[in-house]
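To keep things clear, I will list the structure first and then write my remarks on it.
Atoms within a ligand are numbered from 1 in the order they appear, just like the ligands themselves. Just so we're clear, the structure is a prediction, and the values are computed from it rather than from any experiment.
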Amino acid sequence: MKNSKKLNLKKFYIGVDVGGTTIKFGIFDGNKKFIEQFAVETEFREKNAEKAIANDMLNAIENYCDDNEYGVTKSKVAGIGYAIPGPVVNNQVLRAVNINWKKKYDLVKETKKRIGNKVNVRVYNDANAAALGEYKLTLKGKYKSICLMTLGTAVGIGIIINGKLIEGKSGVAGELSHLKVDFSENAMKCNCGNTGCLETVTGGRGIANVYNRMYNTDTAHGAQDVIRRAKEGEEKSLAALEKSLDYLSMVISIIMLVYEPEIILIGGGVSNEGTFITDIIMKHLKEKVFITKTFPKIMIAKLKNKAGFYGAVSEL
Ligand SMILES: [Zn+2]
C-alpha cells in the first residue's frame, strides 16, 4: 500500500466521466480528496449501447477494486458518481446520442447490483457535473450563481443558480450549445439534427468550421491552429476567431439576461489561451447588453478534464 498518511482510506468515492473516446475514472478518499485516475476506451456499440457501456464501466470499477495500491475494495466504496454526455433527469439517463445510448437506463440499479446495495449513486449530465465540480472545488462557495461553458471539440454548458443545478423537466435546460445562432443559408448541420447551433460555430470544431467557411477552404482542422495564428496577429485567423466568439457572446448575453450569474467560466481546449480568449468574449458581450454596466466575470475554468468526475462525486 502506498504511503498515504494524509488520506482517509476507510472509504472511497469514484467519479466516472463518460466521453466519446474515453471513460475516465477518478478515485477519491473518504474526505473526497483526489487520489488517482485511470481511463478505458469508450467502445462504440451498435446495439444495446446503454447496457454494454454500463457493463464496461462496472467491469473497470470491479477490476480496479480487485487490484490497486490504496486498499480500495467494493465494500469500501461509499459512492459512485457518473457524468454522462446526454440528458439526465432524477438520476436516470434518458439518452446519450454521441455514444449511441438510445434509451432510458437505470444506471443506479445496475451499479448497486454489481458494486453493492449500500453504494450511494448519482448520475449527472456531463456539462452539469463539470459545472458542479468547478462550483464546489474551484470557486468553493465564493459565488452562488455560475455558468461553465466547456469549449472542447463539442460545447457543453452547465448553469448553477443560487447553488442549484438548472436541469429542467426533461434535462435540456441549459443546453444552449444547441441554440440556433447562425441563420445564414449555408448554416452548418449539427449532430442534433438542426442547423446553425452554437456548437457548429464555436468550440474546437466550430472555430475551424467558421474559418473554413469564411475563406472557402478546408485547411483548418481544429481550433488550436486558428487561435495560435490569431494570437500571433494573423488577420484572417483573428477575424474568424472574433466571429466565432461573437456567436458565443450572443448566448452568454441570453444567459446573463435570464439568470445574471456572477461568473462565466470558460473550459475545454479553447480556454488554454486564457485572457486572450476571455477578453474577446467580454468585448463582444459588452456590444450586446446595454441595460446594465454590471457584467459577470469571465474566467478560465481550473479543473480541466477532471471537472466531470470531481463534480460527479461532489454531492455524494
Ligand atoms: Zn444542435
Checklist line | Carboxylate-amine/guanidinium contact Arg228 Glu273, below 4.0 Å | finding: no
Margin query: Quick check with a 6.0 Å cut-off and a 45 degree axis cone: is Lys286 positioned over the face of Phe295's six-membered ring?
Written below: yes
Check: Which N, O or S atoms belonging to the protein are less than 2.8 Å from the Zn ion (ligand 1)?
Finding: His178 ND1, Cys190 SG, Cys192 SG, Cys197 SG
Margin query: Who clusters with Phe28? Use side-chain heavy atoms, under 4.5 angstrom, across I, L, V, M, F, W and Y, and order the result by chain and number.
Written below: Tyr13, Phe34, Leu137, Leu303, Phe309, Tyr310, Val313, Leu316
Notebook entry, point to check: Do any N or O atoms from the side chain of Thr150 and from the backbone of Gly152 form a donor-acceptor pair under 3.5 angstrom?
Noted result: no
Notebook entry, point to check: Got a sec, which residues hit side-chain contact (heavy atoms from CB on, under 4.5 Å) with Ala230, two or more places apart in sequence or on another chain?
Noted result: Ser237, Leu238, Leu241, Phe276
Only pairs under 3.5 Å count here: list side-chain donor-acceptor contacts from residues 175-182, not counting sequence neighbours, and write none if there are none.
| residue | atom | partner | partner atom | Å |
| --- | --- | --- | --- | --- |
| Ser177 | OG | Val155 | O | 3.3 |
| Lys180 | NZ | Thr195 | O | 3.0 |
| Lys180 | NZ | Thr195 | OG1 | 3.0 |
| Asp182 | OD1 | Ser184 | N | 3.0 |
| Asp182 | OD1 | Ser184 | OG | 2.6 |
| Asp182 | OD2 | Arg213 | NH1 | 3.0 |
| Asp182 | OD2 | Arg213 | NH2 | 2.9 |

